[in-house]
Amino acid sequence: MSYGNLPLHALRAFEATIRLGSMTKAAQELDVSHGAISRHVRELERLYATTLVRRLSKSSEPTPAGAEMAQTLSEGFRSLNLAVARLSAGPLTLSCSATIMQYWLIPKLPEFKALNPDIHFRLNVNYGEVDFARDGISVAIRNTMYSAPDDVVILDMIGEEIGPVCSPDYLLRRPLKSSANLRTAQVLGTATRKRAWEEWLSAVGSEIPEIQIAEEYEHFYLMLQAATFGAGVAMAPKYLVQREIDAGQLVAPFGFILGPHRLQLWIAHHLRQNPGVKTLAGWIEAKMVEAA
């Protein structure tokens, strides 16, 4: 079979299915229907006369032959994406979580644009692992909860200082004199940082073995919003809530302490010498250090 006859759409659908563990997720990533992904996979299985995917009730997993093929395809597509990215003159893209974007980045963007009117970049909302070439990412703000890809430049920035925060009104209604008072407090949590309170208790050396979460929010920024409006006590990194503390919207009754995670800047290796990327990365690092 010649390379010109390779079913590239089917190969891409199959690779995404195995990488994401789901035809539904593959369909979402490739912006096609679930049926289209399924047809592409069946096409490959007919073409190569072998079963590549085991269809489970809520997921998909590769057969041994499928796993080997998917790994090779992932490496190949990554190389193709990287080659295209190196030639592309498209805009820079900064990736970070919705919470960092809302609470830290967006309030500071006017300053960056005033200092650097000729540098334009797009924003990508993502807080987990990222494929820089495939997703077209130039720079990503992440913490060490996540492992950086092998092909990125890592710029270590600051350690995360963490602490409980709540609204001034909540503190008047439910005074927090010591960590023991948290046993009866309305404690807020988030699905994206399930171990946040456990990490703080360990950092401060509290004798309380654990804290019961009264309300859990799907996203970190929703939890912070709830705390701001008096719903309870949230665990937060200092740099994300400093603006609200300065404005009197939140208070930190126990202050902040260095937690187990650090903030990092991940820079696409093929863009490490790009002047715009270097300027953006330097500015982010400087602003983070200011917030420490």
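- Between the side chain of Ser202 and the backbone N or O of Glu198 there is no donor-acceptor pair closer than 3.5 Å.
- Salt bridge status for Glu111 with Lys108: absent, with no side-chain N to carboxylate O gap under 4.0 Å.
- Rounding to the nearest 0.5 Å places CD of Gln186 at 12.0 Å from CG of Leu182.
- The ring pair (Phe, Tyr, Trp, His ring centres under 6.0 Å) search around Phe254 returns Trp200, not counting sequence neighbours.
- Across all non-hydrogen atoms, the minimal contact from Phe121 to Thr93 is CB-N, 4.5 Å.
- Summarising the geometry of Leu176 relative to Pro253, their closest heavy-atom pair is CD1-CG, 3.8 Å, with the distance given to 0.1 Å.
- The side-chain contact (heavy atoms from CB on, under 4.5 Å) search around Ser97 returns Thr99, Ile100, Tyr127, not counting sequence neighbours.
- Judged by distance alone, the side chains of His9 and Arg12 never bring a donor and an acceptor atom under 3.5 Å apart.
- Transitive grouping of hydrophobic side chains (ILVMFWY, heavy atoms separated by less than 4.5 Å) brings Leu155 and Leu271 into a common cluster.
- Judged as a side chain to side chain donor-acceptor pair (under 3.5 Å), and not counting sequence neighbours, the contacts of Asp156 are Arg262.
- Across all their heavy atoms, Arg272 and His269 have their closest contact at NH1-O, 2.6 Å.
- Ser22 is linked by a side chain to side chain donor-acceptor pair (under 3.5 Å) to nothing, counting only residues two or more places apart in sequence or in another chain.
- The salt bridge (charged side-chain N to carboxylate O under 4.0 Å, His left out) test with Glu45 is passed by exactly one of Arg54, Arg39, Arg55: Arg55.
- Every residue two or more places apart in sequence or in another chain that forms a side-chain contact (heavy atoms from CB on, under 4.5 Å) with Ala140 is listed here: Ser95, Phe132, Ile137, Arg142, Trp266.
- Glu129 pairs by the salt bridge (Lys or Arg N to Asp or Glu O under 4.0 Å) definition with nothing, not counting sequence neighbours.
- The closest side-chain heavy-atom distance from Pro175 to Asn181 is not below 4.5 Å.
- Between Ala236 and Val241 the shortest heavy-atom distance is CB-CG1, 3.8 Å.
- Both Ile162 and Ile213 sit in one connected hydrophobic cluster of ILVMFWY residues. Membership requires side-chain heavy atoms under 4.5 Å apart, directly or through other members.
- Among residues at least two apart or in separate chains, there is no side chain to side chain donor-acceptor pair (under 3.5 Å) pair with a member in residues 161-176.
- Annotation: side chain of Leu92 is in contact with side chain of Val277 (closest heavy-atom distance under 4.5 Å).
- When the side chains of ILVMFWY residues are joined at heavy-atom separations under 4.5 Å, either directly or via intervening members, Val233 and Tyr217 end up in two distinct hydrophobic clusters.
- Between atom CG of residue Leu105 and atom CD1 of residue Ile284 there is a gap of 7.0 Å, rounded to the nearest 0.5 Å.
- Once rounded to the nearest 0.5 Å, the distance linking CD1 of Ile37 with CD of Gln28 reads 10.5 Å.
- Thr228 meets the side-chain contact (heavy atoms from CB on, under 4.5 Å) test with Gln249, Leu250; sequence neighbours excluded.
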After noting the C-alpha distance and the side-chain angles of Leu94 and Ser138, does the key distance pass the side chain to side chain contact (heavy atoms under 4.5 Å, CB included) rule? CA-CA 6 Å; Leu94 169 61; Ser138 310; over 6 Å; no
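- With respect to His261, the side chain to side chain donor-acceptor pair (under 3.5 Å) criterion is satisfied by exactly one of Arg193, Glu160, Glu199: Glu199.
- Hydrophobic clustering (ILVMFWY, side-chain heavy atoms < 4.5 Å, transitive): Leu280 and Met157 are in one cluster.
- More than 12 heavy atoms of other residues, nucleotides or ligands shown are found within 6.0 angstrom of CD on Glu61.
- Applying the side-chain contact (heavy atoms from CB on, under 4.5 Å) rule to Ile18 yields the partners Phe14, Val53, Pro62, Ala70; only residues at least two apart in sequence or on another chain are considered.
- Taking CG from Asp151 and CG from Asp131, the interatomic distance works out to 7.0 Å, rounded to the nearest 0.5 Å.
- Atoms CD and CD1, from Gln264 and Ile141 in turn, are 12.0 Å apart once rounded to the nearest 0.5 Å.
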Run the numbers on Val130 and Val152 for side chain to side chain contact (heavy atoms under 4.5 Å, CB included), then give the verdict. CA-CA 10 Å; Val130 61; Val152 301; over 6 Å; no
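- Glu29 approaches Ala16 most closely through the heavy-atom pair OE2-CB, 4.0 Å.
- Across all their heavy atoms, Met69 and Tyr48 have their closest contact at CE-CE1, 3.8 Å.
- Listed by first and then second residue, the side chain to side chain donor-acceptor pair (under 3.5 Å) pairs involving residues 231-244 are Gln242-Asp246 (not counting sequence neighbours).
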Ile267 and Lys278: CA distance, side-chain angles, deciding distance, side chain to side chain contact (heavy atoms under 4.5 Å, CB included) verdict: CA-CA 9 Å; Ile267 304 169; Lys278 293 173 73 173; over 6 Å; no
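- Under the ring-ring contact (aromatic ring centres under 6.0 Å, His included) criterion, the residue pairs touching residues 271-292 are Phe112-Trp283, with sequence neighbours excluded.
- Following chains of ILVMFWY side-chain contacts shorter than 4.5 Å, one cannot reach Trp197 starting from Tyr221, and the two form parts of different hydrophobic clusters.
- Considering only residues two or more places apart in sequence or on other chains, His34 meets the ring pair (Phe, Tyr, Trp, His ring centres under 6.0 Å) condition with none of them.
- Salt bridge annotation for Glu290-Lys287: present, with a cationic side-chain nitrogen under 4.0 angstrom from a carboxylate oxygen.
- The distance from atom CG of Leu222 to atom OG1 of Thr190, rounded to the nearest 0.5 Å, is 8.0 Å.
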Report the C-alpha distance between Ser179 and Val204 in whole Å, list the side-chain angles of each, state the deciding distance to 0.1 Å, and finish with yes or no for side chain to side chain contact (heavy atoms under 4.5 Å, CB included). CA-CA 10 Å; Ser179 59; Val204 298; 5.8 Å; no
